[in-house]
Q: 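Below is the structure I would like to discuss, written out as structure tokens.
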Amino acid sequence: MDKMTVRDIEVNGKRALVRVDFNVPLDEETGTITDDSRIQATLPTIKYLIDQGAKTILCSHLGRPKGKVVEKLRMTPVARRLSQILGQQVVVTRDCIGPDVEKAVEELRGGDVLLLENIRFHPVEEENNASFAQALSRLADIYVNDAFGVSHRSHASIVSITNYLPAVAGLLVEKELNTLGGILENPAHPFAALLGGAKVSDKISLLENTMSKVDCLLIGGGMAATFLKAKSYETGLSLIEVDKLDTAVGLMEKAIRNGVRLLLPVDVIVADEISAEAKAKTVFIENIPPDLRIVDIGPQTIENFSRELRRCQTVFWNGPMGKHEIPQFSEGTKSMARLLASLDATTIIGGGSTAEVVTEMKLADKMSFVSTGGSASLGFLGGRTLPGVEALLDRKS
Ligand code: 3PG
Ligand code: MG
């Protein structure tokens, strides 16, 4: 990585404003954290700063409060969890800027950790507002971006802040960029990308950018329907991106030109509705009834995909294979998760719902790497420069 990290600057005794992605899932009723992976992932940076005697000021968003104070989206449960994990008290402020926050910062000693209130309670955060970034910058001497999952966003605490403080990468951002960058630059072959999720449009740049690097593309999930339609199959009531049919044709032709094996489902689960009560059956793709929709890949497809993946040395996976939230449509997604966990290969899981599935199945530690960024990892692998990374100080050669 060509950016400076927290290891490259003096942090002892300094006030370090660390942007983290503590946008963790909360239980709707109890408000407790249901998956703390994103907190765990920032521990290397936080512990490094504690050990080095820095005064750590963490800031994050939680959910999408749309610029207003939403009681349910306060950072209190995150502070509580982080305190437990670190075994030291993490105080949480009632706002993220202003005199009270400045006073709390003044009271910090080397090794202390403070967590600021949800930064998206201020509408100016998402507007990349300069005055807001300046107010934040007054709290600190240095800025550390460890929020990989938000680095695709030009927000004040990600981009504008870097105009007012020396800005370096945290250890999670470094690890994400090195790992994801590694599969683009120097993957062990055969290299497969297993892609699913609802939309082709989310994955086009990734498909374009990796076509010259992968040996094999396996396409399942909702997006497979658009590919099947582009090959003139009946797809029933499945959601089709009509404006992406030509793109799908183009991608399939490009795969042939590049010698990339592109596997689509040969059988699918179809259902009359997307619900736990739905009537479902398995059909070959030649026989998709006009009044049903695709909800998962079928057993023959699972076998075909598994056979292909077992030959691979590197596998990148992003996007579920079907409507996995509903147990009877989750077999395709779960089979892929189990299969990847069993491989003796480099297995890299894109963030978002794919990471959630793997974590929920307690398979995360069986994978080589689980990214904390959904859109951020897709953007990066799609060849997009992440504004939050771009803005950091370059490493001097
Ligand atoms: C995420 O969960 O993808 C990141 O925290 C970014 O959140 P956002 O999509 O609300 O910007
Ligand atoms: Mg997102």
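Count residues from 1 along the sequence. Indexing begins at 1, ligand by ligand and atom by atom, following the structure's order.
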Q: Check ligand 1 against Arg64 and write out every atom of the ligand that is under 4.0 Å from a heavy-atom position of the residue.
A: 8 (P), 9 (O), 10 (O)
Q: Show me which atoms of ligand 1 lie under 4.0 Å from any heavy atom of Gly149.
A: 4 (C), 6 (C)
Q: Is there a ring-ring contact (aromatic ring centres under 6.0 Å, His included) between Phe329 and His324 once you walk through the steps?
A: CA-CA 5 Å; Phe329 310 146; His324 68 105; over 10 Å; no
Q: Mark up the atoms of ligand 1 that fall under 4.0 Å of a heavy atom belonging to Arg153, in ascending order.
A: 8 (P), 9 (O), 11 (O)
Q: In chain order, what residues pass the side chain to side chain contact (heavy atoms under 4.5 Å, CB included) check against Thr282, with sequence neighbours excluded?
A: Asp267, Ile269, Pro299
Q: Under 4.0 angstrom from ligand 1, any heavy atom of His155?
A: no
Q: Using a strict 4.0 Å threshold on nitrogen-to-oxygen distance, state whether Lys55 and Asp112 make a salt bridge.
A: no
Q: Looking at Asp21, which atoms of ligand 1 are within less than 4.0 Å of one of its heavy atoms?
A: 4 (C), 5 (O)
Q: Quick one: does Gly374 get a heavy atom under 4.0 Å from ligand 1?
A: no
Q: Would you say Glu126 contacts ligand 1, with heavy atoms under 4.0 Å as the rule?
A: no
Q: Apply the hydrophobic cluster definition, ILVMFWY joined by side-chain contacts under 4.5 Å directly or through others, and give me every member besides Ile240.
A: Val242, Leu245
Q: Does His152, backbone or side chain, put an N or O under 3.5 Å from an N or O of ligand 1?
A: no
Q: For Ser151 and Asn145, does a side-chain donor sit closer than 3.5 Å to a side-chain acceptor?
A: yes
Q: I want to check something: taking the side chain as every heavy atom from C-beta on, are Met4 and Pro166 in contact at a cut-off of under 4.5 Å?
A: no
